[in-house]
Protein chains: 2
Amino acid sequence: MKEKVTIYDIAKALNVTAATVSRALNNNPKISEATRTLVLETAKKMNYEQNKFALALKSGKSHNVGVVVPFVNRNFFSSIIRGIEEELYPKGYHVIICQTHEDAKKEEETIQNLLNAQVDGILMSVSKHTQNLKHFEKVLKKNTPLVFFDRVKPLKGVSSVTIDDFRGGYEATEHLIKSGYSKIAHVTVDLSLSIYERRFEGYREALKDYDLPYNENYVVKAKSDIDSGEEAIKQLLKLKEAPDAVFSSSDFAALGAIRQLQSLGISVPQDFGVVGFSNEPFTQFMELSMSTVDQAPVEMGKMSAKVFLEQIKDVKVKVEKKVELSPELIVRKSSLK
Amino acid sequence: MKEKVTIYDIAKALNVTAATVSRALNNNPKISEATRTLVLETAKKMNYEQNKFALALKSGKSHNVGVVVPFVNRNFFSSIIRGIEEELYPKGYHVIICQTHEDAKKEEETIQNLLNAQVDGILMSVSKHTQNLKHFEKVLKKNTPLVFFDRVKPLKGVSSVTIDDFRGGYEATEHLIKSGYSKIAHVTVDLSLSIYERRFEGYREALKDYDLPYNENYVVKAKSDIDSGEEAIKQLLKLKEAPDAVFSSSDFAALGAIRQLQSLGISVPQDFGVVGFSNEPFTQFMELSMSTVDQAPVEMGKMSAKVFLEQIKDVKVKVEKKVELSPELIVRKSSLK
DNA sequence: TTGTATGCGTTATCAG
DNA sequence: CTGATAACGCATACAA
């Protein structure tokens, strides 16, 4: 049994040259139907498999795309990856996964690495701490398609896929207002990331549209975890005029808020409404299920992949496509009096 | 600016041959320290990057490993992937992700694809519906290291990393017994997968060791989802002598069970104890937090990667390593009277 | 220590 | 329509 069968082997078997075999295999028009079928048959018979490296070496295309996220085992990101994979796999692309651990240094290193591995494109969500954008310029200089999803940096020539975070924030807040809450606070995460900034803006706009006063003290910065949400709610309840609802840019912080409220005997949703953001799986599994905003991550992944595929079609034409998907407010128990 | 700088470019700049440059870059001993440093310097200066494809074509090694799982956006699997990635990335390997959607056909296709892409190894958890094992033999015949994690098939020459599911089942059941429950049922998932089979065996062994009768009617087959868990508990409660506790091989089914019990006015854990399996994130976020068995997925991923790395060291020596990690029983509210 | 020559498997160009 | 040959970028056996 041969270790590897190449086009030479099959050429030899057929008394033709490797070039002919290659042509037959690639549906090159300059070949007779007879030899084509003959080649195809014997190729199958001999278990021929194309060597991707030779092809890649020749063409410069690897048919690999790099996907860079902070962590793969976060539902939001793994769902995006799922979407990307499902879209790209049928087109013959493989998805190479890298994690940054929210570390800007590691992000740079990873990008360099992916470039080095000659991926055909990079799809990514930037790390929370990324300030310097030099490594992205390297990508662009190399003409490697770059697509940002969700966490975006402003960069010429880079396409992006996001959800309308403004609308998400607006609708979440509006929903609380319509549910009868009137003193609505906001727990934000990291305003240096535009996603959180825009959710905050949506919150303010909704207040304005419904003639509710905007109160600076009602806006608290937290981290995206339970403890931080507990802290935030404590701080809010200390205010002279405490709020009666909160829109949190993070589901985890919202969970912390609910727990803290309940432990203080404040009942949700009767006395206090809560809406989170992200539609993390746990939000629907809680007994007091949590209202939240769904970001359609699988869809976002698929769309990112599609944008990449478009971009790769005409490498000459530099498209800078900005796709904005719609968020979906999901009303559950935590915000219905 | 040059598009791509090769060892030829840097050779020309230094008036040496490409071979010399190659040697310098690869720390080949047969070269003078002087030229080596010179080459290294100018290489850096010229922004030289090794072409992986040329290397791969020459060596036959891609420095890519394929990871195949049913779905990437399931916490258990994405956590394993995280572990694999963290272990392999520093060694210069990239992780290529593929999903089977629990489809045996797609699994075969994926394996073939990965083989075709000449990955240096395949790490995977088999699909629920995989019966035919021919595609794995192809992998072995090609001498590509194959490592199974969690969901394993019996196959000569294949290493595997699992947790001690027997012990997990045993300890979960034992814990229920010690908590004062005596009529303990079991919700299983798919006994054709050895992981579920072994959890079931652990359950029976625990009953035996504590002199509790084994009752066939107490064992119900369900799917790994909430609805199915609800159905299972309904069935169990119809029995003449209904159980007072259940060990479920699935967290999701366990959640369904708890919901059903609560909606029937049976209070958990006072009247009925529940232990799940997997330590899905939601189990700790529920108000009535759920006892479960942690499978240490990140650790499992890391271990799988390590086994692969060992295997790749001596490709001549065919090791068949079976690593079994310890599960950890996590006691929460749902099983403490 | 360095240079020369060759092969890895394909595809593309140019003749025939 | 098909054959011969070069080229992709690198590593290595062999020669010097």
Side-chain angles (χ1 to χ4, degrees), chain A residues 2-40 42-43 46-64 92 115-120 142-143, chain B residues 2-40 42-44 46-64 92 115-120 142-143 315:
Chain A
K2 298 281 287 184
E3 249 313 306
K4 301 242 163 159
V5 27
T6 74
I7 53 172
Y8 275 93
D9 298 320
I10 130 159
K12 206 175 294 171
L14 258 57
N15 254 331
V16 293
T17 164
T20 307
V21 176
S22 172
R23 279 190 275 258
L25 260 23
N26 291 297
N27 282 335
N28 190 312
K30 304 174 161 209
I31 195 167
S32 73
E33 201 48 44
T35 45
R36 158 169 301 131
T37 49
L38 186 63
V39 167
L40 258 38
T42 49
M46 296 177 74
N47 279 319
Y48 168 75
E49 286 169 24
Q50 188 190 47
N51 183 316
K52 306 275 186 193
F53 301 141
L55 184 62
L57 178 58
K58 192 114 234 313
S59 67
K61 312 242 139 288
S62 64
H63 268 221
N64 284 156
L115 245 34
N116 213 254
Q118 279 159 281
V119 291
D120 292 351
K142 220 183 163 186
N143 267 323
Chain B
K2 298 279 286 183
E3 250 313 305
K4 300 243 162 158
V5 28
T6 75
I7 54 172
Y8 279 92
D9 298 318
I10 129 159
K12 204 175 294 170
L14 259 57
N15 256 330
V16 294
T17 64
T20 306
V21 176
S22 171
R23 280 191 273 257
L25 260 22
N26 291 296
N27 283 334
N28 190 313
K30 304 172 163 212
I31 196 167
S32 74
E33 201 49 45
T35 46
R36 158 171 301 133
T37 49
L38 186 61
V39 167
L40 258 39
T42 49
K44 192 159 291 178
M46 295 176 74
N47 279 319
Y48 168 74
E49 286 170 21
Q50 188 189 46
N51 183 315
K52 306 274 186 192
F53 302 140
L55 184 62
L57 179 57
K58 190 116 235 310
S59 67
K61 312 241 139 288
S62 65
H63 267 222
N64 284 156
L115 245 35
N116 211 253
Q118 278 160 281
V119 291
D120 292 352
K142 220 182 163 187
N143 266 325
V315 95

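Each chain gets a letter, A, B and so on, in the order the sequences are listed, and its residues count up from 1. Just so you know, these numbers come straight off a predicted model, no measurement behind them.
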In this structure, how many angstroms lie between the C1' atom of D/dC8 and the NZ atom of B/K52, rounded? 17 Å
Kindly point out which of D/dT12, D/dA4, C/dT11 is positioned nearest to the side chain of A/A19? D/dA4
How long is the line joining CD1 of A/I7 and C1' of D/dT5, in whole Å? 13 Å
Would you find a donor on one side and an acceptor on the other, under 3.5 Å apart, between the side chain of A/N26 and the backbone of A/N28? no
Among D/dG3, C/dT10, D/dC10, the one nearest any side-chain atom of A/T20 is D/dG3
Can you see whether B/T20 engages B/T17 through a side-chain donor-acceptor pair at a distance of less than 3.5 angstrom? yes
When the nearest nucleotide of DNA chain C is assigned to B/R36 and to A/N51 on a heavy-atom basis, which residue is associated with the more 5' position? B/R36
Of all heavy-atom pairs between B/K142 and B/N116, which one has the smallest distance, and what is that distance? NZ-N, 4.4 Å
I need the CD-P distance between B/E33 and C/dT2, as an integer number of Å. 11 Å
For B/S22 and D/dA11, is the shortest distance between a side-chain N/O and OP1 or OP2 below 4.0 Å? yes
Reckon B/Q118 has a side-chain N or O less than 4.0 Å from the OP1 or OP2 of C/dG9? no
Nucleic acid contacts - residues 24-32 of chain B versus DNA chain C, non-hydrogen atoms under 4.0 Å: B/K30, B/I31, B/S32
Can you find a heavy atom in the side chain of A/Q50 that is under 4.5 Å from one in the side chain of A/L25? no
Please report, rounded to the nearest Å, how far the C1' atom of C/dT10 is from the CD atom of A/Q50. 8 Å
A/L55 CG to C/dT11 P, in whole Å, measures 6 Å
Whole angstrom value for the distance that separates C1' of D/dG9 from CD1 of B/I10: 13 Å
Grab the CG-P distance between B/L57 and C/dT6 for me, whole Å please. 18 Å
For A/Q118 and A/S62 the tightest heavy-atom approach is O-OG, 2.7 Å
B/N64 side chain vs B/V119 backbone, donor-acceptor pair below 3.5 Å: no
Value in whole Å for how far the P atom of D/dA11 lies from CZ of B/R23: 11 Å
Please determine if a side-chain N or O atom of A/T6 lies less than 4.0 Å away from the OP1 or OP2 oxygen of C/dG9. no
For C/dT2, take OP1 and OP2 only and decide whether either is under 4.0 Å from a side-chain N or O of B/T35. yes
State whether A/Y8 places a side-chain N or O below 4.0 Å from either non-bridging phosphate oxygen (OP1 or OP2) of D/dA4. no
Choosing from D/dC10, C/dT4, C/dT10, which nucleotide comes nearest the side chain of B/T17? C/dT4
